[in-house]
Amino acid sequence: MMLQSLKRRSSANLLASAFGGHAGITHDQVKLLPYTPIASSPHLTHFSPMHLTSDNGELGASRWCAKSSDDAFVLLELEQPSIIVHMEFGKNALRHYPTDVSYFEVYGGLEPSCRTLMYSGKLTNTTQTDRITLTSHTSPGVACKYIKVVPLKTWGGPRYSPSLWYIGLFGITDGESFKRLVARITQRKQVEAIRTCLKHLRDANLPTSFQALSQESGVVLEHPLLSTLYTTLVQQGDFASAEDCISKMVEEKLFNQTPPLPDEQQKHSIQFQATRIHCDAGPPGRSAHGMVMDTVTEKIYVLGGWTGQAELGGLWEFDLNAKKWARVQANVSDHGGPPCFSCFAMCINSLTRKIYVFGQIPLTPRTPCKLYELDLSTMKWAAISDNPKLHGGPTPVYYCSMAINEEDDTLYISGGHSDDPQMDEGLYAFHVPSASWTKLRQPSKDTPKLCIQPRLGHATMFDAATRTLIISGGYTFNPDRKDLGDVVFYDTETDVLLPLKKPCVQKPLPSGVATYAAFDPIQRHITIVGGNDVDRTLAIWLYSMETQTWYEATITSASAPSPSEQEHGGESAVSQPQLQSQSRCGELPVWRSAHRVVFNPKNRKYYLFGGNQELDRTRLNDLWELSMARTDSAHAYNVKNHCVKMIRALLYREMAAENPIEALMFLRNQVLPLLDMSDSTDVHWYNSLASNAFKAASAQTATSVHDERHSLFQEISNKVIPTAREPVTSLEQLIESEI
């Protein structure tokens with residue numbers, strides 16, 4: 001039955017939706033869960049792990065204490081499978097003990113093996129109870145039957161054996177949300193098990209068995225181009241076709257287009273190249289407008305804004321392929337849309353091709369702030385929520401922010417400001433199909449860990465892979481302005497705010513940077529293009545979700561295409577000469593605020609438009625393309641060149657086994673042109689290849705040829721984005737962990 005179910009859905013979709021859907025979990029469902037310690041490393045006689053179930057911090061003997069710090073652990077079994085949201089670690093209420101655990105890890109799962117790393121961090125060196133939020137790679141709120149706590153260090157040092165006083169497990173044990181999550185996990189495990197078996201069969205060079213399992217299950221091991229590369233390179237030895245496959249993989253952007261982020265010593269090596277897009281007549285200069293990217297058609301839509309003298313109400317589109325502006329609607333209010341306005345939130349569902357708009361300036365006390373929808377297929381507007389506040393939604397606001405879960409068609413609106421002193425700046429969800437509002441968070445000084453700090457002028461993004469809402473930056477307004485440099489993660493699946501797993505290696509985003517951000521779902525980077533209020537320079541800050549680190553990037557100029565002159569009408573259309581004058585820019589974008597930034601996942605580039613050049617209050621209408629590059633050894637990180645070089649080197653070694661002279665000619669004519677002979681590494685590598693030409697013939701066998709080809713395939717595969725390649729874990733590793 002499971003195989004038949006898998007055939008009806010691709011494994012890629014199964015993986016992408018394993019934790020999908022709005023679970024509707026609330027904090028009322030999170031409860032203290034009963035458990036039993038069922039195993040531990042050897043412990044001192046009177047310090048059984050059973051003490052962990054009772055919070056008796058005033059008693060010195062009420063704790064678990066291991067005999068040794070080597071391989072210490074304690075295994076807990078819940079009464080029933082549950083979604084674990086957070087844990088509490090009690091302490092001795094009177095004093096701190098040197099045996100108290102400092103660094104530790106928490107593992108969980110539905111089996112006693114507990115293979116999912118849920119937390120890695122440390123407890124505070126105090127007598128206060130610590131609470132930690134548990135996260136996994138794909139979803140916070142992990143479904144578990146077993147919890148394994150592994151102490152790594154104590155505050156007293158390695159000569160002290162670790163001890164724990166009390167462990168409280170908090171989570172959810174019932175409800176439809178739990179049942180759906182467990183069902184998704186079970187289905188996902190089935191898919192991953194089959195993919196791991198497919199990986200093993202191919203690695204073991206058992207093509208018949210591989211094909212049988214692949215066809216019977218319908219599970220896809222990897223991206224089709226990677227499978228083609230394996231066939232041409234490993235099985236057929238067709239090196240020319242393998243090179244063609246590499247070119248296609250580059251075109252499909254399957255490779256990590258950017259190198260690993262640098263460490264602290266190389267933090268300035270991140271660079272963005274800025275290209276001003278010259279084009280025909282475009283929209284007038286503006287700030288505080290709305291801008292979204294239709295990732296399907298690769299068109300940018302710009303709506304409304306403020307010229308410095310008047311509010312705008314026109315809708316424009318820019319075709320990235322044609323490099324042309326076009327006025328779509330001169331005034332959207334004539335088509336059922338909102339009136340001329342600015343300082344609003346705007347997002348797009350590229351799957352349904354619908355744009356959503358909420359919030360505005362000016363606020364009109366007698367007119368509710370409506371939620372609008374624009375259907376791009378018909379270009380018709382509709383107010384899908386006439387009075388959000390009346391139906392459980394937000395009050396009329398400006399400078400709020402909005403993001404969308406495209407798969408569930410759910411909007412998330414956060415923050416903003418109102419002229420109403422009783423304004424409730426919270427977090428809301430609007431489910432478009434049912435037209436229903438849900439209040440997710442409200443500000444509260446009493447429970448800061450459960451709330452999102454009130455803010456405006458911030459960015460809100462949605463990470464579809466983890467169903468996580470990302471809220472970055474902005475500033476508070478009442479009573480005084482305070483710039484925020486934080487990043488908040490809100491899991492829409494479990495209704496849990498997620499703290500950072502570890503402190504930032506570098507300092508967080510500094511205050512004074514107005515944040516206008518976009519999210520790269522492939523590289524998992526948040527990129528902020530902000531105006532620095534201190535030195536009036538345009539800065540780019542990149543936040544890596546993998547390392548939880550801020551990096552400041554430099555901006556350099558790239559050559560721009562020649563402008564094309566074309567006249568057409570529009571919302572006070574601006575011709576090319578006027579555009580250059582208003583943009584006040586030469587080779588680099590000038591400092592600005594109230595601009596907008598979008599990201600195109602197809603070409604991995606960011607686009608910056610408009611803003612307020614506050615030196616003379618000029619509203620800008622320049623459009624810039626920003627692409628991530630490197631300053632250090634960019635040529636060395638040319639992935640295509642590297643892969644082709646390694647393929648030809650392998651072909652050279654196979655040729656040398658049969659005809660060393662011909663192989664040396666091939667090395668000089670086909671491999672040498674790919675090298676940088678000013679690089680000592682390339683020189684050494686080339687010389688080693690040449691010197692081994694006459695040694696290869698004696699050692700080659702059919703098995704060794706296959707192994708070398710397979711090894712190169714693995715090297716290339718490791719450069720591919722994780723979502724397109726085979727599982728990292730092998731079947732041998734899983735079996736070894738059980739022996």
Side-chain angles (χ1 to χ4, degrees), residues 225 229 232-234 237-263 265-273 275 553-554 556-559 604 627-700 704-705 707-721:
L225 281 176
L229 178 64
T232 56
L233 177 62
V234 181
D238 186 348
F239 294 92
S241 296
E243 288 189 23
D244 292 339
C245 189
I246 294 294
S247 298
K248 293 177 182 178
M249 290 169 65
V250 172
E251 293 174 2
E252 291 290 326
K253 296 181 172 57
L254 294 185
F255 290 107
N256 285 311
Q257 296 298 305
T258 55
L261 291 174
D263 56 24
Q265 286 72 33
Q266 298 175 314
K267 63 182 181 180
H268 296 298
S269 61
I270 300 179
Q271 180 187 92
F272 277 81
Q273 291 183 339
T275 303
T554 58
T556 61
S557 176
S559 57
R604 308 273 178 84
S627 58
M628 189 175 176
R630 290 209 325 177
T631 56
D632 59 326
S633 304
H635 173 74
Y637 200 82
N638 186 327
V639 177
K640 179 181 178 181
N641 182 80
H642 176 76
C643 293
V644 171
K645 178 178 69 175
M646 300 308 295
I647 289 173
R648 292 185 184 180
L650 178 59
L651 175 56
Y652 158 77
R653 288 193 293 269
E654 292 188 14
M655 292 175 63
E658 298 181 1
N659 190 333
I661 302 300
E662 183 179 347
L664 285 172
M665 294 294 293
F666 177 84
L667 180 67
R668 186 181 66 180
N669 296 330
Q670 300 297 326
V671 179
L672 181 60
L674 300 176
L675 304 182
D676 180 5
M677 299 310 287
S678 64
D679 187 333
S680 60
T681 302
D682 276 6
V683 172
H684 177 75
W685 183 77
Y686 178 80
N687 290 335
S688 65
L689 284 177
S691 63
N692 291 327
F694 293 92
K695 300 178 183 179
S698 60
Q700 275 207 334
S704 64
V705 168
D707 290 346
E708 283 199 33
R709 292 176 179 177
H710 187 270
S711 177
L712 176 57
F713 171 80
Q714 290 293 343
E715 180 182 343
I716 296 174
S717 180
N718 289 338
K719 298 180 182 297
V720 173
I721 56 178

Quick one: are [X] and [Y] in side-chain contact, heavy atoms under 4.5 Å?
X: Gln273; Y: Ser557; answer: no
X: Leu689; Y: Trp685; answer: yes
X: Val639; Y: Val250; answer: no
X: Phe255; Y: Ile716; answer: yes
X: Lys640; Y: Ser247; answer: yes
X: Leu650; Y: Glu708; answer: yes

Distance, nearest 0.5 Å, that separates [atom1] of [X] from [atom2] of [Y]:
X: Leu225; Y: Ile246; atom1: CG; atom2: CD1; result: 9.5 Å
X: Glu243; Y: Leu233; atom1: CD; atom2: CG; result: 10.0 Å
X: Leu229; Y: Lys248; atom1: CG; atom2: NZ; result: 11.5 Å

>> Determine whether Lys719 and Cys643 satisfy the following criterion, side chain to side chain contact (heavy atoms under 4.5 Å, CB included), listing intermediate values before the conclusion.
In response: CA-CA 9 Å; Lys719 298 180 182 297; Cys643 293; 4.3 Å; yes
Give the minimum heavy-atom separation between [X] and [Y], together with the two atoms involved.
X: Lys645; Y: Leu675; answer: CD-CD2, 3.1 Å
X: Ala242; Y: Thr232; answer: CA-OG1, 3.7 Å
X: Tyr652; Y: Ala690; answer: OH-CA, 3.7 Å

>> According to side chain to side chain donor-acceptor pair (under 3.5 Å), who are the partners of Glu252, at least two apart in sequence or on a separate chain?
In response: none
> What residues form a side chain to side chain donor-acceptor pair (under 3.5 Å) with Asp238, not counting sequence neighbours?
Replying inline: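 Checked Asp238 against side chain to side chain donor-acceptor pair (under 3.5 Å); matches are Ser241.
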>> Side chains of His710 and Glu715 only: does a donor on one sit below 3.5 Å from an acceptor on the other?
In response: no
Extract all donor-acceptor atom pairs below 3.5 Å that involve side chains of residues 662-674 and protein atoms in other chains or at least two apart in sequence.
unit_1 : atom_1 : unit_2 : atom_2 : d
Glu662 : OE1    : Asn659 : ND2    : 3.4
Asn669 : ND2    : Met665 : O      : 3.1

> Is there a donor-acceptor contact under 3.5 Å from the side chain of Ser717 to the main chain of Phe713?
Replying inline: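 Not confirmed, Ser717 side chain does not pair with Phe713 backbone.
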